[in-house]
Participant: 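I'd like to ask some things about the structure below.
Just so we're clear, the structure is a prediction, and the values are computed from it rather than from any experiment. Computed from heavy atoms alone, side chains included, the values below leave out hydrogens, waters and symmetry copies. Naming: A, B, ... by sequence-line order, numbering from 1 per chain.
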Amino acid sequence: MEMQETTTTRVNALIDPSLHIWHYEVPVYLFLGGLVAGLMVIAGLWMLRDPDSPRSRALQFLPWAAPVLISVGMLFLWLDLENPFNAFRFYFTFELTSPMSWGSWILLGVYPASILLAWASTPADTRDRWLARLARVPGLGRLDTWVSGHVPALAGLNVALGVALGVYTGVLLGTMAARPLWNSAILGPLFLVSGLSTGAAFMMLYRLDRREKEMLSRVDMGLISVELLLLALWMIGLAAGGAASRAGLHTIMGGPYTAAFWTLVVALGLLTPLIGEWIEHKHSAVPARLTAALVLIGGLALRWIIVYAGQHSGWVSDLASR
Amino acid sequence: MKRRQFIRVGSYGAAGAAVAGGLTTDWYGRYANPIADPGTDGDRVVPSFCELCFWKCGILAHVKDGRVTKIKGNPKDPLSNGHLCPRGAGGTGLLYDPDRLQKPMVRRDKRGSQVFEEVSWDDALGVVAENFERIKAEHGAGALALFSHGYGGSWMKHLFKAYGSPNIAAPSYAQCRGPREVGFDLTFGSGVGSPENTDIRNARCLVLIGSHLGENMHNTQVQDFADAIRNGADIITVDPRHSVAASKSRWWLPIKPGTDTALLLAWMNVIIGEGLYDRDYIEQYAYGFEQLSEHVKAFTPEWAYPRTGIEPDVIRRTARAMGAARPATLVHPGRHVTWYGDDTQRSRAIAILNALLGSWGRKGGFFVPSQISIPPYEYPGYLPHDDQAADRPAASDFPLADQVLAQGVCDATIPGVVGDSRIKAWMVYGSNLPTTLPDPENTYKAIQELDFLVTVDVLPAEIVGWSDVVLPEATYLERCDELYAPWWREPYVAVRQEVVPPMYDSKPGWWIARELGSRIGLPEFFPWKDSEEYAKTRLEAAGLDCDVMREDGVIVGKPGPLYFEEGALPDFYTDSGKIELYSPKLAALGFDPMPTYDHSALEEPPEGYYRLLFGRAPVHTFGRTTNNRLLSEVYRENEVWVNRDVARRWGLEDGERVYLQNQDGKRSSFSAPLKVTGRIRPDAVYVVHGYGRRAPKLRFVHGKGIDDNELITRYKVDPIMGGTGMNVNFVTFLRAADVADSGPVAEEEVA
Amino acid sequence: MSAVSYGMIVDTRTCVACAACVIACKTENDVAEGFSRDWIFTATSGSFPNLEMEIRSERCNHCEDAPCVAVCPTGASHYGPGGTVQVTESKCTGCKACIAACPYDARFIDPRTGAIDKCTFCVHRVENGTPTTACQEVCPTKSIYFGDLNDPESEVSRLLRTRQAYALLPDAGTRPKHFFLK
């Protein structure tokens, strides 16, 4: 009977017997980063398209979640580094071919953009109170004036940076030919859409007006639908790719991550909230927090499984390469 | 836009462009990338020769800030030629092994309890001297025995010879190479020695019988093996296992274990029958061709097929390939050949086959070696003694053994085994007898019968834990040893010199021997100040430059003619002065004058049992290096090779842990993972020797893998020279899960 | 093309899987305990007794189009002398993107520094008067060749012209400079 036996003497930690270099820190960051991207895009668009209509107080303060959550996300990212005290090296250079380099600069830009937008979104009375308390800080008053006069530009900047933030992590993973499960151009848009969806879901957790919640819910339904389509296209692309791509797909279609993917991501994290939101919409019910929570769980699960399963996927047997 | 605004915007812009430019150009070349240097080159480089195995390759040891960083091959050395096997490259793993013996120790509880007290050298040597002198006075020097393995043992051998004991045994003889030395000596008048005079690099056909070159890492032989491959040599490997050598071979003959002699006889049948032998050579140099031709007529390939499992067609084709390449056809004599108890006769068959092909003394066969002769140190004469070595029951046993039989010495320690117990004390140098001599329970029994046991070693192997006195020797990198001047293709002398001073309280062997010698009345046999003075005296007597020696590590002489065609003298030191295809010497002693094969003597394994075979991993020298953490990064624990179909029948998985139990019910102390593979016959299993260690102080390798030697409870003794055939045990599998259920095997259990 | 381009060849016909290259590299380059920059790979195929075994000594392939260099955010992973792929330890943050990007799994994190480690083609020797790598120097079967692929007279160039050779995962598109002779 034909047999093939391979041996290797290599037992490098984190590499053998199969790659496991990135653990929970990376999916957690991807989730938070995507969520913040969603917040920035939705808040920015909302401000651009509907600047004047009344808003709930929760909605007005929500944009402050962006800089807070991105900081938490970056903390996890920093914890993943093996040489964390060298992190400043990210900012000594800009590497054109490295999505991670783009990301480090995007993250740098996210701070001022999201903080200024959050400032612009904050109700005037709160802003005045804060200004009074921070009267000693020079230039703050001038900044406030400037912000008030440039809200559309700020909103546009937030949308742009949010899109960049949401898409670059997918591009980072998607351009790695070495990990066939990730190697797809769809991963960028997929992560962006998923991020927008989790951003909307995050906002729905708060005490927004019924009108606001319904709008977010309708947006989210659309996003989830697109996300399901993108997932399908991603998987079709892998199935129709070469042997390596097919082997990569196998990790979630028969392989070790199959159950987790189909239950946590697809069933629980996408289909259930989609159906839930549709039912709510049909019966004009208030969108429940549970639905939003499921979307968030699904978003984290999507990234978690993709990160872990992708490391599991590699190029097929070396013997076949002759 | 106002001018001030313009300047402000402009300068921001310029600054931004400068920063952007810097970010994308490594800051205009100033943020450069240096070449990282690991800094392992030594501030001193000392030539010496290796002791991780017994080949003695020349090395260059790099020392930086007092620490050996790396070991390279010495390009001037004719054995290493500047290349090393992995063991030599990993010598620092021995030097810095945290489990090394550090101080002399004296036993404080019963033997085997491993309770020792660290003492001074003076005290330890005092105990040894006292016991030696007492035993010599009561029973004579013949009651003391030395077991030795390793180049540093020369000092102890000298000590024992001076003391008057004939019992100087090296397990490398009757437990390893002995049968082939005797087999070749009977045929050609000399053995093949070590390093073997095999001209592998020029062979056009290389036949390996159970030799696993490539996993057996005798450096020069493997270098030559690669040359032979590059030269397009036909390689024929006869092995029940698909070794690395088999994978490089044109033919792999997966022979039934124990039937090699049948194959060799069938080859002789074809080579003589089809006229493929070197006629001129045989006519000129050989005696007994007519007898041999007649003798092998019956051993046809068809006769051999049911016995060996090798098809007649394959036997003929391989014989023809061997014949076609003559005289550059080398049937390799092997190395460890103590397999089935008929090993001298099998080695004879190999020698005879080589003779038929005309390869002895010919290019591509066996070259004629030369040696630089260095005058021995002028000592007073050793005391003459009438005692024979106490290694065999009757003086007429094993008549052709020309070295002391280690197993016999061990047995002579147990009362009643060899008449009156004669051996009362052992000194064991660098030889871990419980994993070396077959039937280790017998070895432990002998140890218990001893009045006194002293070991000289580097690591706390099993034998050390059972000693009365333990003397820690410095490693090869920390000492000078005897000059090395082997018989080789080119004559040369190599020196082993101290690379770094001895660590802990360890001492070099020459010092131990001298200090002991001075305490047992032998100071005149150790007149030199240190071994360097000893070496210098001898080198100067040979007219060799000591400074060159120290600097280069070797002095190479002019090679003589290597082959008969080049003028080497075709001298055969047999009684007849010719190559003896038919051996009158064997006939006179009542043995078969030409090898035969008795298939009925070959035992079949019981149902569910498989023949236990063992061998080497390239990164290890059996138990000598399995505690070496650096080398073990490549091979940590041995595995049990089992045939795929056999595993399937048992329902066993690759990687599953098993214990092995042999035909006598002896179970391995520890388990090992299975290697389920198509690379071995269904009737055999295979492990790398040197694992399954019970010595608790070998903390790294203790309990890892299976010790095949534990399962070698039976062995067959070669009647011609006493070699202990060890491939005669059969094992079955016990799943680790099942064994765990029945309780753990006690580690301190002793026979 | 006068720029030097270092490449390596391993002759699988003569490589015996002894792993001297692994040990020599470890001691020459002070590689962290438990890690190896190069390794032995074997693949046995066929059915008993018609078996064949391929033996290779593998390491970083120093690709001409190295994804690990493209993906590095700090420029720590870069092209060094002779087009070899090197890592500047002081610039490495240990983000491990390069490990994920390498289809050969040739890189790893050195636990002592948190930075990336891998085969360097011994440039510290090669650019300093000893034109052999440590693995090449030790190899008892002389199976490892190293030299300038851009020099048509170099041994590596000659071997690629005269022997059947292959590289690993050629479809990964990395243009590796490590070849194996059949």
Participant: Do C:Glu54 and B:Ser247 make a side-chain contact, defined as non-hydrogen atoms from C-beta onward lying under 4.5 Å apart?
Facilitator: no
Participant: Can you check whether anything in residues 123-135 of chain C gets within less than 4.5 Å of chain B, heavy-atom wise, and list it by number?
Facilitator: C:Val123, C:His124, C:Arg125, C:Glu127, C:Ala134
Participant: Less than 4.5 Å to any heavy atom of chain B: does that hold for the side chain of C:Cys18, its backbone, both, or neither?
Facilitator: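 Both parts, backbone and side chain.
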Participant: So, taking the atom named CG in B:Asn33 and the one named OG in C:Ser77, what distance separates them when rounded to the nearest 0.5 Å?
Facilitator: 9.5 Å
Participant: Let's test your reading of the structure: which of C:Ala17, C:Ala24, C:Ala19, C:Pro81 forms the most heavy-atom pairs below 4.5 Å with chain B?
Facilitator: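 Top count of heavy-atom pairs under 4.5 Å with chain B: C:Ala19.
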Participant: Side-chain contact test, heavy atoms from C-beta onward, threshold under 4.5 Å: evaluate it for B:Val222 versus C:Thr141 and give yes or no.
Facilitator: yes
Participant: What closest approach, in Å, do C:Leu51 and B:Trp252 show between heavy atoms, and which atom pair accounts for it?
Facilitator: CD1-CZ3, 3.9 Å
Participant: Is it the backbone or the side chain of B:Leu213 that comes under 4.5 Å from a heavy atom of chain C, or both, or neither?
Facilitator: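 Neither the backbone nor the side chain of B:Leu213 comes within 4.5 Å of chain C.
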Participant: Less than 4.5 Å apart, any side-chain heavy atom of C:Lys91 and any of B:Tyr31?
Facilitator: yes
Participant: To the nearest 0.5 Å, how far apart are CG in B:Leu630 and CD1 in C:Ile23?
Facilitator: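 Interatomic distance, B:Leu630 CG to C:Ile23 CD1, rounded to 0.5 Å: 4.5 Å.
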Participant: Quick one: does C:Thr27's side chain get under 4.5 Å of B:Thr69's, heavy atoms only?
Facilitator: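 The answer is no, as the side chains (C-beta and beyond) never meet within the 4.5 Å cut-off.
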Participant: Is there a side-chain contact between B:Thr677 and C:Thr44 in this structure, where contact means two heavy atoms from C-beta onward sitting under 4.5 Å apart?
Facilitator: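 B:Thr677 vs C:Thr44: side chains apart.
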Participant: May I ask you to decide if C:Cys15's main-chain N or O and B:Lys248's side chain share a donor-acceptor pair within less than 3.5 Å?
Facilitator: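 Yes: the side chain of B:Lys248 pairs with the backbone of C:Cys15.
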Participant: So which atom in B:Gly678 and which in C:Phe48 form the shortest heavy-atom distance, rounded to 0.1 Å?
Facilitator: O-CD1, 3.2 Å
Participant: Taking side chain as everything from C-beta outward and backbone as N, CA, C, O, which of these in B:Ile35 sits under 4.5 Å from a heavy atom of chain C? Side chain, backbone, both or neither.
Facilitator: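 The side chain, not the backbone.
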Participant: What residues of residues 107-122 of chain C sit under 4.5 Å from chain B when only non-hydrogen atoms are counted?
Facilitator: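 Those residues of residues 107-122 of chain C which would need a heavy atom under 4.5 Å from chain B do not exist here.
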Participant: Checking heavy atoms, do the side chain of C:Val22, its backbone, both or neither come under 4.5 Å from chain B?
Facilitator: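 Only the side chain of C:Val22 comes within 4.5 Å of chain B.
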Participant: Is there side-chain contact between C:Glu137 and B:Lys72, with at least one heavy-atom pair below 4.5 Å?
Facilitator: yes
Participant: Please flag which part of C:Gln86 lies under 4.5 Å from any non-hydrogen atom of chain B: side chain, backbone, both or neither.
Facilitator: neither
Participant: Based on non-hydrogen pairs under 4.5 Å, which of B:Glu215, B:Arg681, B:Met217, B:Arg679 is most in contact with chain C?
Facilitator: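 Option with the top pair count is B:Arg679.
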Participant: Of the listed residues (B:Ala228, B:Gly39, B:Gly88, B:Ala226), which shares the most heavy-atom pairs with chain C below a 4.5 Å separation?
Facilitator: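 The residue among B:Ala228, B:Gly39, B:Gly88, B:Ala226 with the greatest pair count is B:Ala226.
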Participant: Do side-chain atoms of C:Lys142 reach the backbone of B:Gln223 as a donor and acceptor pair under 3.5 angstrom?
Facilitator: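 Checked: no pair found.
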Participant: With only heavy atoms counted, which part of C:Ile55 is less than 4.5 Å from chain B, the side chain, the backbone, both or neither?
Facilitator: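 For C:Ile55, the contact with chain B is made by the side chain alone.
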Participant: Chain C heavy atoms under 4.5 Å from B:Val244: which part of the residue, side chain, backbone, both or neither?
Facilitator: both
Participant: What part of C:Lys26 lies closer than 4.5 angstrom to a heavy atom of chain B: side chain, backbone, both or neither?
Facilitator: side chain
Participant: Which heavy atom of B:His83 sits nearest a heavy atom of C:Val138, and at what distance?
Facilitator: CB-O, 3.3 Å
